[in-house]
**Q** 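Here it is: the structure, laid out below.
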Amino acid sequence: MWELECPQCGKTLKAPEHLVGRRVKCPQCAHPFLIEEPAEEEPEPELEVLPLAPPTPLRKVQKAIDDWRAGGTVASLPGGFSLSREKLETFYPNFFSPVGFLIRLIKTFLLPRLFLTAGGIESHLRLGDCSAAVVITTAPLLVASYTGERDCVVLLKFPEEFVGDYSLKPGTRLVSVNTYMQGPNKTPLDMIEGPQSAGRWHNVVPLIADFLSDDTQAIAQRKRQIPEAEWRRAATLGVEFTNKFPGKSRNGSPQDSWKPCITAWF
């Protein structure tokens with residue numbers, strides 16, 4: 001039996017194959033019409049998957065800045081976001097004061113940290129790769145930041161005050177801006193490499209643009225440009241990570257988001 005529609009009233013009808021080529025009358029509106037054999041649907045052409053442009057490594061930010069100023073591309077979907085001084089100081093009070101500078105300098109020497117400057121963070125937000133980031137839980141506030149370089153998420157923990165400040169709930173979509181670190185061939189233990197990993201960089205440094213920039217329109221535009229499948233994958237991998245490693249997450253602050261939360265010892 002074939003399904004077809006009456007050309008007059010649109011009613012869905014069924015007809016056996018032997019009636020092809022004969023005129024019949026619609027039982028609803030009595031309109032006569034010819035039953036024609038349906039045309040075969042042509043298969044849709046396969047999409048050509050193009051390789052992503054190499055991302056911006058953290059150690060080559062200055063070259064990336066020069067390329068960006070010269071009109072070159074430095075990321076497949078660069079952020080282009082400016083830094084908000086007020087939002088940065090929610091992570092680091094008095095960041096722009098001499099005391100704040102001294103505290104960051106001391107912590108950098110005493111602990112394995114990246115030394116932060118406002119210019120470096122803004123370069124990261126402007127030139128890094130935009131990827132999906134999804135809120136997994138709000139108590140504690142955990143955000144799964146996706147990276148296509150290793151086809152995995154990094155779980156980031158933020159102050160719970162952000163939940164009210166940004167009206168967050170599980171499933172809220174945010175934008176992660178990623179730069180990358182070159183190092184050993186193996187990824188950190190808290191990055192569970194997926195089957196679509198490009199394998200070019202061993203670690204990712206994610207910053208959540210929503211928490212560091214006031215460029216709300218640009219952030220909303222980037223969210224629309226991120227594929228739906230990437231949002232779903234970030235959410236799925238985030239839930240899987242919390243189930244597999246309960247209580248484990250990276251500090252989401254800009255100075256610490258590169259530090260793995262799982263090591264060979266604990």
Side-chain angles (χ1 to χ4, degrees), residues 52-93 95-96 100 104 114-135 141-149 153-159 161-163 165-168 172-181 201 203-228 230-231 234 250-258:
L52 293 176
T56 308
L58 191 65
R59 296 177 182 177
K60 297 182 180 179
V61 169
Q62 187 57 54
K63 182 180 184 303
I65 293 173
D66 295 339
D67 290 343
W68 175 65
R69 287 175 176 168
T73 57
V74 295
S76 54
L77 186 59
F81 308 126
S82 61
L83 174 65
S84 165
R85 292 170 63 104
E86 292 77 15
K87 287 187 174 182
L88 180 58
E89 288 191 328
T90 62
F91 290 98
Y92 308 106
F95 182 93
F96 295 94
R104 297 198 313 278
L114 297 175
F115 182 72
L116 289 183
T117 65
I121 297 173
E122 182 148 23
S123 295
H124 187 139
L125 291 174
R126 288 192 179 279
L127 303 171
D129 287 305
C130 287
S131 295
V134 179
V135 174
L141 177 54
L142 299 177
V143 175
S145 170
Y146 180 78
T147 168
E149 281 300 301
V153 295
V154 169
L155 203 67
L156 303 173
K157 185 176 182 179
F158 294 93
E161 302 84 66
F162 284 16
V163 175
D165 293 343
Y166 296 97
S167 302
L168 303 177
T172 297
R173 294 180 173 185
L174 307 170
V175 174
S176 178
V177 185
N178 301 332
T179 55
Y180 299 90
M181 300 176 69
W201 307 98
N203 196 6
V204 60
V205 186
L207 298 184
I208 302 301
D210 308 66
F211 299 159
L212 289 166
S213 176
D214 289 327
D215 297 343
T216 54
Q217 291 186 350
I219 291 172
Q221 182 182 15
R222 289 293 179 268
K223 288 178 183 179
R224 292 191 293 269
Q225 292 174 296
I226 295 173
E228 184 64 29
E230 186 172 312
W231 293 111
R250 294 188 184 187
N251 185 332
S253 64
Q255 197 167 30
D256 293 303
S257 63
W258 68 277

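Below, each value reflects all heavy atoms present in this structure, side chains not excepted, and no hydrogens, waters or symmetry copies.
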**Q** Please list, chain by chain and in numerical order, all residues satisfying side chain to side chain contact (heavy atoms under 4.5 Å, CB included) with Gln221, sequence neighbours excluded.
**A** Arg224, Gln225

**Q** Closest heavy-atom contact between Leu125 and Ala209?
**A** CD2-CA, 4.4 Å

**Q** How close do Trp258 and Val205 get, counting heavy atoms only, and between which atoms?
**A**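 For Trp258 and Val205, the tightest heavy-atom pair comes out as CB-CG2, 3.7 Å.
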
**Q** Specify the closest pair of heavy atoms between Gly128 and Thr179, including all atoms of both residues, with the distance to one decimal.
**A** CA-CG2, 4.2 Å

**Q** Decide yes or no on salt bridge (Lys or Arg N to Asp or Glu O under 4.0 Å) for Arg173 and Glu230, but give the supporting numbers first.
**A** CA-CA 11 Å; Arg173 294 180 173 185; Glu230 186 172 312; over 6 Å; no

**Q** Can you list the residues that meet the side chain to side chain donor-acceptor pair (under 3.5 Å) rule with Asn251, with sequence neighbours excluded?
**A**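 Partners of Asn251 under the side chain to side chain donor-acceptor pair (under 3.5 Å) test: Ser253.
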
**Q** Got Lys223 and Val175 here, is their nearest side-chain heavy-atom distance under 4.5 Å?
**A** yes

**Q** Apply side chain to side chain contact (heavy atoms under 4.5 Å, CB included) to Lys157 and list each qualifying residue two or more places apart in sequence or on a separate chain.
**A**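 Applying side chain to side chain contact (heavy atoms under 4.5 Å, CB included) to Lys157 gives Pro140, Leu142, Ser249.
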
**Q** Check side chain to side chain donor-acceptor pair (under 3.5 Å) between Gln217 and all other residues, then give those that pass, not counting sequence neighbours.
**A** none

**Q** Can you check whether Pro254's main-chain N or O pairs, donor with acceptor, with His124's side chain at less than 3.5 Å?
**A**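 Side chain of His124 to backbone of Pro254: no pair is present.
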
**Q** Over all heavy atoms of both residues, which pair between Cys130 and Gly79 is shortest? Give the atoms and the distance, please.
**A**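 Distance-wise, the nearest heavy atoms are SG-CA, 3.4 Å.
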
**Q** With sequence neighbours excluded, tell me which residues meet side chain to side chain contact (heavy atoms under 4.5 Å, CB included) with Ser84.
**A**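 Partners of Ser84 by the side chain to side chain contact (heavy atoms under 4.5 Å, CB included) criterion, ordered by chain and then number, come out as Glu86, Lys87, Asp214.
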
**Q** Who passes ring-ring contact (aromatic ring centres under 6.0 Å, His included) against Phe162, sequence neighbours left out?
**A**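 If we apply the ring-ring contact (aromatic ring centres under 6.0 Å, His included) test to Phe162, skipping adjacent residues, the hits are Phe91, Tyr166, Phe211.
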
**Q** Counting only N and O atoms by type, is there a donor-acceptor contact under 3.5 Å from the side chain of Asp210 to the main-chain atoms of Ile219?
**A** no

**Q** Is a side-chain N or O of Ser145 found less than 3.5 angstrom from the main chain of Val154, in a donor-acceptor match?
**A** no

**Q** Nearest heavy-atom pair of Leu141 and Pro159: which atoms, and what distance?
**A**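 Shortest heavy-atom contact: CD2-O, 3.5 Å.
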
**Q** CD1/Ile121 to CG/Leu88 distance, rounded to the nearest 0.5 angstrom?
**A**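 Result: 4.5 Å between the selected atoms.
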
**Q** For Thr147, what residues pass the side chain to side chain contact (heavy atoms under 4.5 Å, CB included) criterion, not counting sequence neighbours?
**A** Glu149, Cys152, Asn178, Tyr180, Met191, Val204

**Q** For the residue pair Ala234 and Tyr146, what are the closest heavy atoms and their distance?
**A**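 In this case the closest contact between Ala234 and Tyr146 is CB-CB, 3.9 Å.
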
**Q** Within a strict 4.5 Å, meaning less than it, do heavy atoms of the Leu174 and Leu168 side chains meet?
**A**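 The answer is yes; the side chains approach within 4.5 Å.
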
**Q** Quick one: do Arg85 and Glu122 make a salt bridge, cutoff under 4.0 Å?
**A** no

**Q** For Ser82, give me all partners under side chain to side chain donor-acceptor pair (under 3.5 Å), at least two apart in sequence or on another chain.
**A** Asp215

**Q** Taking salt bridge (charged side-chain N to carboxylate O under 4.0 Å, His left out) as the definition, give me every residue that meets it alongside Arg222, ordered by chain and number, with sequence neighbours left out.
**A** none

